[in-house]
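Just so you know, these numbers come straight off a predicted model, no measurement behind them.
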Amino acid sequence: MTQNPSTNDTVYAQISAADEQYFMPVFGKRTPLCIVAGHGVYLTDSADNQYLDMIGGIAVNVLGHAHPRLTAAICEQAKRLVHCSNYYYNIPQTQLAERLALLSGLPGAHVFFGNSGAEVNEAAIKLARGYFYYQGQPRSKIISAVKSFHGRTLATATATGQSKYSQAFAPLPAGFEHIPYNDTRVMLSAIDHQTCAVIMELVQGESGVIPADPEYMHMIEKRCRETGALLIIDEIQTGIGRTGHFLASSHYGLQPDMITLAKGLAGGLPIGAIIANGKASSGFHIGDHGSTFGGNPLVCRAGLAVLDELEASHLVENAAITGTLLQNGIRELSRMTGLISDVRGLGLMIGFELNKPVAPDVKRALILEGVLVGSVGDRIVRLLPPLILEESHVEIFLQKLKNVLEALPV
Ligand SMILES: *Cc1c(COP(=O)(O)O)cnc(C)c1O
């Protein structure tokens with residue numbers, strides 16, 4: 001079943017040409033596919049080819065595509081009430097806040113909704129600074145890791161430990177400092193009594209799927225307690241069951257002061273959430289923060305449907321099980337082909353490293369086999385499939401990956 005993405009595809013030709021003319025060129029040359037529909041773990045392009053979706057909208061489509069429960073919830077809510085502003089209470093927003101507060105296990109948890117990951121990380125930074133401001137002992141220093149990714153607003157791009165995301169946009173907000181990831185010694189001297197907050201990912205997604213060392217994270221937590229610095233765990237990618245726990249923080253046995261969520265939370269509708277414990281929540285007073293769209297009934301209703309479905313179909317457990325199958329299968333292919341030098345990740349957040357700079361070739365060849373994956377740089381292939389992925393899909397993926405690896409020119 002070899003597929004040919006763009007032959008005789010006038011929709012693709014028209015859309016890609018118009019995109020080049022009218023869309024800001026930030027995405028460069030995109031993968032040459034125009035996606036028109038999706039169902040389950042499959043996507044369909046404008047030439048009617050089907051693809052096994054192993055990147056899930058970058059960890060967003062946790063229920064896959066056109067999931068009946070999510071679609072029904074969105075349609076039902078759209079007919080009732082899409083938006084009403086935060087002047088008023090709305091039922092889905094309060095219900096979703098309650099569910100997330102309880103699921104987080106954070107003592108005295110309060111939730112705030114934004115519309116994206118960057119926006120809620122930005123809110124977490126404000127909340128941390130507000131917390132010390134209202135204590136009458138302002139602190140500004142925010143520490144994050146080298147190679148981290150926290151978003152693209154000015155503050156979150158500055159927190160992001162990769163200068164390519166911020167260098168063109170100086171002057172950048174002050175007070176940000178980067179420390180090497182998984183390096184305990186530097187961390188111990190960097191976090192001090194001037195530190196306002198530490199923001200960390202438990203698996204660095206955008207820089208190549210790099211898990212944090214549990215001991216390192218526990219020492220960060222301990223150091224934050226000693227110095228009074230607030231600990232923010234950015235679970236925008238690792239949250240919502242991705243790693244085989246609802247939150248990766250539970251994997252690590254961490255009790256952060258704040259957790260940020262986005263990507264998978266509403267299964268594809270734009271949402272972000274910050275969950276803060278009772279202590280950190282005091283950093284916002286009335287009027288200090290807000291959002292026009294944030295927490296509107298439509299997206300929150302979708303978020304509730306996602307949480308309901310995760311529970312009803314045991315999808316978090318499924319992420320752990322299928323994630324292990326996938327990782328084991330890729331390790332097996334590594335032994336068979338000698339082309340894969342490392343396999344890493346947690347649950348259904350997986351990266352594997354090729355021992356030659358052929359990740360773009362592997363990605364392209366997989367498209368012809370009907371499989372979509374992500375890549376980081378030219379050596380790392382990244383998988384973030386929907387959490388509804390089944391064993392049969394894992395087998396299909398491994399077979400196609402095997403075909404592709406075996407056909408690589410040596
Ligand atoms: C994707 C991501 C963000 C940014 O989220 P946006 O919704 O794109 O703003 C922040 N942190 C992490 C860890 C992410 O994976």
Side-chain angles (χ1 to χ4, degrees), residues 58-59 117-118 120-122 124-125 128-129 139-192 194-224 227 229-239 243 248-249 251-252 254 256-260 262 341-342 344-346 349-353 357 359 374-380 382:
I58 321 179
V120 290
N121 278 344
E122 184 93 13
I125 292 164
R129 293 212 175 135
R139 296 186 184 190
S140 61
K141 188 163 73 169
I142 308 286
I143 293 180
S144 58
V146 171
K147 290 196 176 170
S148 59
F149 183 81
H150 298 296
R152 294 168 179 280
T153 61
L154 279 173
T156 59
T158 306
T160 292
Q162 304 178 64
S163 59
K164 66 175 177 184
Y165 291 108
S166 58
Q167 64 194 9
F169 312 117
L172 300 173
F176 290 84
E177 200 175 302
H178 302 107
I179 58 172
Y181 200 48
N182 287 334
D183 180 331
T184 303
R185 208 173 37 81
V186 176
M187 177 279 287
L188 283 173
S189 56
I191 303 174
D192 58 20
Q194 270 70 59
T195 305
C196 171
V198 177
I199 180 165
M200 286 279 151
E201 294 160 274
L202 295 175
V203 183
Q204 289 186 331
E206 300 306 299
S207 57
V209 193
I210 304 161
D213 172 4
E215 199 184 333
Y216 172 73
M217 282 313 310
H218 285 127
M219 289 182 75
I220 288 187
E221 186 179 48
K222 181 159 165 278
R223 187 71 189 138
C224 284
T227 58
L230 298 175
L231 178 59
I232 306 167
I233 299 296
D234 178 346
E235 294 237 29
I236 287 166
Q237 194 161 148
T238 54
T243 66
S249 294
H251 247 304
Y252 282 77
L254 293 173
D257 297 291
M258 301 178 214
I259 292 169
T260 52
S341 53
D342 192 24
R344 52 186 185 249
L346 274 180
M349 184 170 182
I350 297 175
F352 58 93
E353 199 154 340
S375 61
V376 179
D378 55 11
R379 283 178 190 265
I380 298 165
R382 184 155 80 125

* Structure fact -> With sequence neighbours left out, the residues meeting salt bridge (charged side-chain N to carboxylate O under 4.0 Å, His left out) with R344 are D342, E353

* To do: Walk me through it: do I233 and E221 pass the test side-chain contact (heavy atoms from CB on, under 4.5 Å)?
  => CA-CA 10 Å; I233 299 296; E221 186 179 48; over 6 Å; no

* Asked: For Q204 and V146, which heavy atoms make the closest approach, and how far apart are they?
  -> NE2-O, 3.1 Å

* Asked: Is there side-chain contact between Q237 and V203, with heavy atoms separated by less than 4.5 Å?
  -> no

* Where V120 and T260 come nearest, the two heavy atoms and their spacing -> O-CG2, 3.7 Å

* Got a second to check how far I236's CD1 is from I58's CD1, nearest 0.5 Å? -> 13.0 Å

* To do: Enumerate the residue pairs fulfilling salt bridge (Lys or Arg N to Asp or Glu O under 4.0 Å) with a member in residues 206-215, sequence neighbours excluded, ordered by first and then second residue.
  => E206-R382

* **Side-chain heavy atoms of H218 within contact of L254, under 4.5 Å** => yes

* Structure fact -> So side-chain hydrogen bond (donor to acceptor under 3.5 Å, both in side chains) across residues 158-174, not counting sequence neighbours, yields none

* **Under 3.5 Å side-chain donor-acceptor pair for T238 and E201** => no

* Structure fact -> The reported gap from CD1 in I142 to CD1 in I232 (rounded to nearest 0.5 angstrom) is 6.0 Å

* Structure fact -> Heavy-atom closest pair (C196 atom, S140 atom, distance to 0.1 Å) is CB-C, 3.8 Å

* **Contact summary for S207 and I210, nearest pair of heavy atoms** => O-CD1, 3.7 Å

* Could you pull out the closest heavy-atom pair between L154 and P173, with the gap in Å? => O-CD, 3.8 Å

* To do: For residues F176 and I125, determine if any side-chain heavy atom of one lies less than 4.5 Å from a side-chain heavy atom of the other.
  => yes

* To do: Please tell me if the side chains of E177 and T195 come closer than 4.5 Å, counting only heavy atoms from C-beta onward.
  => no

* Asked: Heavy-atom distance under 4.5 Å between the side chains of D192 and K141, does that happen here?
  -> yes

* Taking all non-hydrogen atoms of both residues, which atom of T153 and which atom of A118 are closest, and how far apart? -> CG2-CB, 3.9 Å

* Asked: Is the closest side-chain heavy-atom distance between T184 and R223 below 4.5 Å?
  -> no

* **Pairwise side-chain contact, I220 with L231, heavy-atom cut-off 4.5 Å (strictly under)** => yes

* To do: Taking the side chain as every heavy atom from C-beta outward, state whether M187 and Y216 have any pair of such atoms under 4.5 Å apart.
  => yes

